[in-house]
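Reading through the structure tokens given below for one structure.
None of the values given here were measured: they were computed from a predicted structure. Each chain gets a letter, A, B and so on, in the order its sequence line appears, and its residues count up from 1.
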2 protein chains.
Amino acid sequence: MADISRPSASPGASPLFLREDEIRRGVELLYFGYTRLTNAIDQELAKQGLGRAHHRALYFIARQPDLTVGELLRLLAITKQSLGRVLKELHDRDLVVTKTGPLDRRQKLLRLTDSGAALEAELFAQLRERLSAAYVTAGQESVTGFWHVLEGLVPESDRQMVFDLRKDKA
Amino acid sequence: MADISRPSASPGASPLFLREDEIRRGVELLYFGYTRLTNAIDQELAKQGLGRAHHRALYFIARQPDLTVGELLRLLAITKQSLGRVLKELHDRDLVVTKTGPLDRRQKLLRLTDSGAALEAELFAQLRERLSAAYVTAGQESVTGFWHVLEGLVPESDRQMVFDLRKDKA
DNA sequence: CAAGATACGTCAACATGGCTGACATATCTC
DNA sequence: GAGATATGTCAGCCATGTTGACGTATCTTG
């Protein structure tokens, strides 16, 4: 295969070679990479009778315990009715518990139960397997490039929210 | 903001620093990057009364004119019934035309009409805007890293199909 | 050339996970 | 005490995926 990282042999049109083909390449790889990664856990989810919507909620609750419902809504960017359905199912299956917010009693803080955490860990293991294989093949330098481009795709208005996932809650 | 691209300050556990946090970072950025990019065209699509499924079909037909129905099915990885509904709507709106395959008359080759191509171009312009902004911010080296990691996420069995999108049909 | 495989289309029923709109309750803030 | 806010919930709708069954035209092969 030709070296896909080499830009056009005739530069000059643009300092960063933003030719149509390079954009389409990104669109396609993002599409296939994302969909194939999410496919990796569908079978596991189906065993539990859960769907991808449940996994997204489990994932973010695992990532940031004591997340509020409102914060989760902002992350998922769906309506509260849609999320309500998902959270109710997770609660009914004893995968998620809520507690009243200590500072603001209107809030509900979300946490995984032990079995919720176990399920999330099992699903995460699939993601880790795929993603770490891709990381290893591409190399650490590529991984940081991968991150940088994706960060640029997140609108300014959402960026802080995404970065904050890596912090413990105040 | 801290330099998010710098790996752990305490390497040694793994030669490529495959700590949980680095995997989660990839999962999240992929999720937000992908969903926010696709959100970029939803409004445009809604104007036409079309959905994302229609866009995916338009995109791949634009990318590889004279694609067969079977090839498109493999790319989208959905059932023929689902695709049939989408193609029928695109055909009814005069965005796509089919012609009988010249070598194998069972096949139908898909092509955009002029108005289909115009719509696809308009949608593509949105993607280009977002993605090229991200490319410029990240720099060419990051872009190649971005590609390499995503390639690693595409299963071996699908990889040739994805690469072949960039070639003219035989 | 006949038989079977293949490419495509279509009918029907159903599941998932989004959406809007309307309204209720508890709690916080001013 | 009045109004804003965080959450929940009922009801119905839509987009887009699924399975299963079946039909037709065309290609391929023994």
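- A straight line from CD of Q107(B) to P of dT6(C) spans 13 Å, rounded to a whole angstrom.
- Of the listed nucleotides (dG21(C), dA25(D), dA21(D)), dA21(D) has the atom at the smallest distance from the side chain of K80(B).
- Figure legend: cation-pi geometry between R24(A) and Y59(B), with NZ or CZ positioned under 6.0 Å from the six-membered ring centre and within 45° of its axis.
- In this entry the distance linking CG of L103(B) with C1' of dT6(C) reads 16 Å, nearest Å.
- Note on R52(A): only backbone sugar-phosphate atoms sit closer than 4.0 angstrom, heavy atoms only; bases stay farther off.
- In this model, no side-chain donor or acceptor of Q81(A) finds a partner on the base of dG12(D) within 3.5 Å.
- Proximity note for R105(A) (side chain, C-beta onward) versus dT26(D), dT27(C), dT7(D): the nearest is dT27(C).
- Within the 4.0 angstrom heavy-atom criterion, no nucleotide atom of any strand lies near H91(A).
- Residue L109(A) contributes atom CG, which lies 12 Å from atom C1' of dA6(D) at whole-angstrom precision.
- In this structure, G84(A) reaches neither bases nor backbone, as no heavy-atom distance under 4.0 Å exists between it and the strands shown.
- Residues passing the ring-ring contact (aromatic ring centres under 6.0 Å, His included) test with F60(B), sequence neighbours excluded: Y31(A), F32(A).
- No donor-acceptor distance shorter than 3.5 angstrom exists from the side chain of R166(B) to the backbone of D21(A), with no hydrogens or angles considered.
- Between the P atom of dT18(D) and the CG atom of N39(A) lies a distance of 10 Å, rounded to the nearest Å.
- At a cut-off of 3.5 angstrom, the base of dG17(D) holds at least one donor-acceptor pair with the side chain of R85(B).
- Within the 4.5 Å cutoff, the side chain of I41(A) has heavy atoms near those of the H55(A) side chain.
- Within the 4.0 Å cut-off from OP1 or OP2 of dC19(C), at least one side-chain nitrogen or oxygen of S82(A) is found.
- Rounded to an integer number of Å, the gap from CG of L72(B) to P of dG9(C) is 11 Å.
- For dA25(D), neither phosphate oxygen OP1 nor OP2 lies less than 4.0 angstrom from any side-chain nitrogen or oxygen of K108(B).
- A distance-only check finds no donor-acceptor pair linking the side chain of T137(B) to the backbone of A134(B) [under 3.5 Å].
- On a pure distance criterion of 3.5 Å, a polar donor-acceptor pair joins the side chain of R106(B) and the base of dT6(C).
- Comparing dA6(D), dT19(D), dT16(D) by their closest approach to the side chain of A53(B) singles out dT16(D).
- For L45(B) and dG18(C), the CG to P distance is 18 Å, given to the nearest whole Å.
- Phosphate contact (OP1/OP2 of dT16(C), side-chain N/O of H54(A), threshold under 4.0 Å): absent.
- Between L83(B) and K80(B) there is no side-chain heavy-atom pair separated by less than 4.5 Å.
- The nearest whole Å value for the distance from the CD1 atom in I78(A) to the P atom in dG18(C) is 5 Å.
- Considering every non-hydrogen atom in both I23(B) and R128(A), the closest pair reads CG2-CA, 3.7 Å.
- The closest side-chain donor-acceptor pair between T35(A) and T38(A), if any, does not fall under 3.5 angstrom.
- Annotation: the terminal axes of the helix from dC1(C)-dG30(D) to dC30(C)-dG1(D) meet at 30°, where each axis is the rotation carrying the C1' atoms of four end pairs onto the next four (5 pairs per end, rounded to 10°).
- Mapped onto DNA chain C by nearest heavy atom, D104(B) and T79(A) fall at different nucleotides, with D104(B) at the one closer to the 5' end.
- If you measure from atom NZ of K88(A) to atom P of dA11(D), you get 13 Å, rounded to the nearest angstrom.
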